[in-house]
Amino acid sequence: MSEELVHPLEGFLRKEMIPHIWCEGCGNGIILNSYVRALDELDLNLDKVVTVSGIGCIGRLSGYTNTDSFHTTHGRAIAFATGVKLANPELKVVVISGDGDLFAIGGNHFIHAARRNVDLQVICANNFNYGMTGGQYGPTTPREAWTTTTPYGNIEHPFNLVHLAAASGAVYVARWTTIHVRRLKEAIKKALQKDGFSFIEVVTPCPEIFGRYNKMRTGLDMMNWFRRVSEIRNHSDPAKAEITPERIVLGEFVDEEKPTYGQLLRNMISKVQEKQ
Amino acid sequence: MSVRLWRKPLDADKIQVPRGEVHIIADRCKGCRLCIEFCPKDVLEESDELNKRGVHPPKVKSDATCILCGFCEAICPDFAIYTTEKPREEGG
Amino acid sequence: MKAKRGREVLTGEHFWQGDYACAEGAIAAGCRFFAGYPITPATEIAETMARRLPEVGGVYVQMEDELGSMAAVIGASYAGLKAMTATSGPGFSLMQENIGLAAMTETPCVVVDIMRGGPSTGQPTKPGQQDVMQAKWGSHGDYEIIALTPSSVQEMFDLTVEAFNLSEIYRVPVFVMADEVVAHMWERVTIPSQDKIQIATREKPKASPGEYAPFQPNKNLVPPMANFGEGYHFYATGLTHDETGHPQTSSAEAQQKLVHRLCDKIRKNAGKIIRVQKTLLDDADVAVVAYGITSRAALSAVRDARREGINAGLLRLITLWPFPETHVSELAKQADAILVPEMNYGQLVREVERAAKATEVTLLSKLGEDPHKPTEILDAIRRTHR
């Protein structure tokens, strides 16, 4: 390379931390790409964006984004983000974390933040296992999948994350895969502009671990699987959108309006102060 | 399923397909091949060179016609590829 | 919010229970964020904050559990508010992992633990001092914290203010360890006018965003703290990190440097942090080392002992951690015996033994009932004196 090549989104990355630790073909890099692309297209004031992530491979994402960023303990990203948003409502607080971090150890915080409709944008990298620790099963692992802690096949039923999010009260629920990059970016943009608890599930490849254990050895293999079995059905019933090896239903499942926790809190505080 | 156009659009001669130039930051590439496989115009192939990681980064084929769709740039997990618009020649 | 504001400092004389005084102390110190979960005997702090914080424009949020509460407190502190939570033993245990995160990310925050009988669910409505070791050692890894023990309702106010100040100066979680008696008893509290209450706030960075390293310490070993939203685009993580905040998970040097500094910023400043109260110690042969409600009974016992001709004295610990070892070792050189009454089966007595070295130290343990009676401590003083 004779001249210095500068990627157009370079300004959104922490240069000292690039290249990131993610494997070849891992979808986390695509999620990072879509996220900063969305920030770029919305032209948000980056000083007011806070990126929060939990523990897991995707948890390293906050370390790569050039915003105020925080890497919490396992499962507590949403609770931490709630504190940030309530303390300073001017900040745009985005939580990007994994299926285990958000729905196993973090499950309780997820459902309550959704119930309260805290103004947070939550993006879940669902790669069907716990990749960082070597590929154990988690709450989204498909039945009969091989993981290091299900050596005889997974006997647990997985969560239907969009159903869980919708049932908990999220005002925006969508699911895309890492091959649907444009729609994913548009969904992130929509979530960032919407008040309330938004949830985007991103089905993403984990080629080195989950893929390799389950006959999809490369990121390409998993992405081709996504392409083959994805069905885009906007506004369909999230309860009927379980992910199976033969079908991944994508699209927007919920898009509604509801007062946010912050709005209700500030209204209440104003009323109380008027009485003083 | 192919679409049969039963008439040519009236402004067909005014539509100019953009031409793109592909830039590859070779040392960032981890060799996942997503850009090569998913380019709609089959513009990329694996090069013979090895980068710092011992991986063959992609290269633009000699007869390539990149249409600036931006998919490779959007799908690359490693920020290793991006496109810019080729300046348009007259009558292009 | 331009509406008329509620009073932030309730200057004047009041008759309150300890928990109310603690909550008012927090508000007077500038606390504007409380995230917690109800638990006996700390519930009244949450209830007072739920009522008072909206009056002063602050945020009360009742999180789904104590783990979320501690996480939200750290988030609010990083977003620029003085933040606290209040709990008791079982909740304190749940908070430990995030207390470690607060220590690691040097988050100013206050955690009030109203101690009750343990372990586990224990005796929710009975006092104890069974969490005092947990305050120091509760989370994994090496770190230092500050813990204060009020012994009166007035101190529930005063020491909560001091806890916030210390947490801001040293960027560390500070614990107010009060036993259930101090939390629930009713006493007079005098609150001065707002201008007479000293408040400390975290040092802000002088560096520009391009130069700012979030964990670069000042000469007190404490890094100036930027808040989210101020344009610094900084990164904080619970992973071992260097001054720039970036993870250093393989470097032995980074681990040593960080752990040493996290501990040294308290240890080396211990002289400025530690507070004790000495009564009749100058010529004491038998010294009582006590804290919390026990110290009130001990004071009475020491005075009675003096009337009987025994040279007894009291070292009341206001700061539990960092442990006032210099005060104890000095005392041990002069006294023949040291008595440690505690409402547990022997916790702080171990620190006293360590500092007292060869001097005889006796534990006077009391579990499950009311606090020590002065006569019980007086009997022990007499026995020790013989």
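We name chains A, B, ... by the order of the sequence lines, and we start the count at 1 in each one.
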Flag the one option from A:I179, A:N224, A:V36, A:T218 with the top tally of heavy-atom pairs under 4.5 Å to chain B.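 Top option by heavy-atom pairs under 4.5 Å: A:I179.
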
Option that, when pairs with chain B are counted at under 4.5 Å, heavy atom only, ranks first among A:T178, A:L9, A:L13: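 Ranked by contacts with chain B, first place is A:L13.
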
Show every donor-acceptor pair shorter than 3.5 Å between a side-chain atom in residues 21-28 of chain A and any protein atom, with sequence neighbours excluded, or say none if there are none.
unit_1: A:W22; atom_1: NE1; unit_2: A:C57; atom_2: O; d: 2.7

Using only non-hydrogen atoms and a strict under-4.5 angstrom cutoff, which residues of residues 29-38 of chain B touch chain A?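 From residues 29-38 of chain B, the residues near chain A are B:K30, B:G31, B:C32, B:R33, B:L34, B:E37, B:F38.
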
Can you tell me if A:R233 has over 12 outside heavy atoms packed within less than 6.0 Å of its CZ?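 No, the 6.0 Å shell around CZ holds no more than 12 heavy atoms from other groups.
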
Under 6.0 Å from the CZ atom of A:R182, do we count more than 12 heavy atoms belonging to anything else shown?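 Count over threshold, so yes.
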
Is the A:Y64 ring parallel, tilted or perpendicular to the A:H20 ring (thresholds 30°, 60°)?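 Because their plane-to-plane angle lies in the 30° to 60° range, the rings of A:Y64 and A:H20 count as tilted.
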
Evaluate the ring planes of A:H74 and A:Y130, with Trp represented by its six-membered ring, and classify them as parallel (under 30°), tilted (30 to 60°) or perpendicular (over 60°).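 The rings of A:H74 and A:Y130 stand perpendicular, inter-plane angle above 60°.
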
For the backbone of A:N127 and the side chain of A:T204, can you confirm whether one donor and one acceptor N or O come within less than 3.5 Å of each other?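 Judged by distance alone, no pair lies under 3.5 Å.
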
Chain B contact via A:L184 - which portion, at a heavy-atom distance below 4.5 Å: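 Neither; nothing under 4.5 Å.
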
Could you check whether A:Q136 and A:T147, counting side-chain N and O atoms only, form a donor-acceptor pair closer than 3.5 Å?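 The criterion, which ignores hydrogens and geometry beyond distance, is not satisfied for A:Q136 and A:T147.
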
